[in-house]
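All values below were derived from every heavy atom in this structure, side-chain atoms included, with hydrogens, water molecules and symmetry-related copies excluded. A quick note: this is a predicted structure, and the numbers were derived from the prediction, not measured.
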Amino acid sequence: MTGFGTFSGIALECRDPRALAAFYAEITGWETAFDNDDWVSIGPAGDTWHLSFQRAPGHVPPVWPDDTSSMQFHLHFRVADRAAAEQRVRELGGVHLGGDVWADPAGHPFCLVNPPRPPGA
């Protein structure tokens, strides 16, 4: 199958793009690729896609869980040391919502998950 588009990134709306970019840069270790007052992008050095944050003054955080609507999508981050990752996310302003699910400082849900198991494990 041949596609006609190349994935370039994901953008999250928020009230403060720089603050939210800093939050996710701490989790991922990614560099800032673009930065202005209304849009900040981070990503792996030299890569062609980014995780971006767009200023939306009226942003209303999603609610999770919410039986009357959905969170649309959420991000997953594999972490080697769950306890250390969870502590650092709390220090950065993340909020535990239950199980693997956390909310970033702007209220977007994301998950901290274990690394994949080796085949046959």
Participant: In Å and rounded to the nearest 0.5 Å, what is the CG to CZ distance from D16 to R55?
Facilitator: 6.0 Å
Participant: Supply the atom-to-atom distance R18 CZ to D38 CG, rounded to the nearest 0.5 angstrom.
Facilitator: 9.0 Å
Participant: Which residues pass the side chain to side chain contact (heavy atoms under 4.5 Å, CB included) test with T32, sequence neighbours left out?
Facilitator: D35, V40, I42
Participant: For a 4.5 angstrom cut-off between non-hydrogen side-chain atoms, does L51 reach T28?
Facilitator: no
Participant: Looking at every non-hydrogen atom in both residues, tell me the closest pair between P109 and H74 and how far apart they are.
Facilitator: O-CB, 3.2 Å
Participant: Testing the basics here: between D37 and P17, what is the closest heavy-atom pair and its distance to 0.1 Å?
Facilitator: O-CG, 4.0 Å
Participant: How close do V113 and H76 get, counting heavy atoms only, and between which atoms?
Facilitator: CG1-ND1, 3.9 Å
Participant: F53, V60: one ILVMFWY side-chain cluster at the under-4.5 Å cut-off?
Facilitator: no
Participant: Who are the salt bridge (charged side-chain N to carboxylate O under 4.0 Å, His left out) partners of R78, not counting sequence neighbours?
Facilitator: none
Participant: Compile the donor-acceptor pairs under 3.5 Å between side chains in residues 19-27 and protein atoms, sequence neighbours left out, one pair per line.
Facilitator:
{"residue": "Y24", "atom": "OH", "partner": "D104", "partner atom": "OD2", "Å": "2.7"}
{"residue": "E26", "atom": "OE1", "partner": "R88", "partner atom": "NH2", "Å": "2.8"}

Participant: If I compare all heavy atoms of G107 with all of P61, which pair ends up nearest, and what's the gap?
Facilitator: CA-CB, 3.7 Å
Participant: By side chain to side chain contact (heavy atoms under 4.5 Å, CB included), which residues pair with P44, not counting sequence neighbours?
Facilitator: W30, D47, W49
Participant: Got a sec, which hydrophobics cluster with F34, joining ILVMFWY side chains under 4.5 Å apart, including via others?
Facilitator: W39
Participant: Show the nearest heavy-atom pair for residues G99 and R82, with the distance to one decimal.
Facilitator: O-NH2, 4.3 Å
Participant: Please list, chain by chain and in numerical order, all residues satisfying side chain to side chain contact (heavy atoms under 4.5 Å, CB included) with R15, sequence neighbours excluded.
Facilitator: H59
Participant: If you compare all heavy atoms of W102 against all heavy atoms of E86, which two are closest, and at what distance to 0.1 Å?
Facilitator: CZ2-CG, 3.3 Å
Participant: Can you measure from CZ (F110) to CG (L12) and round to the nearest 0.5 angstrom?
Facilitator: 11.0 Å
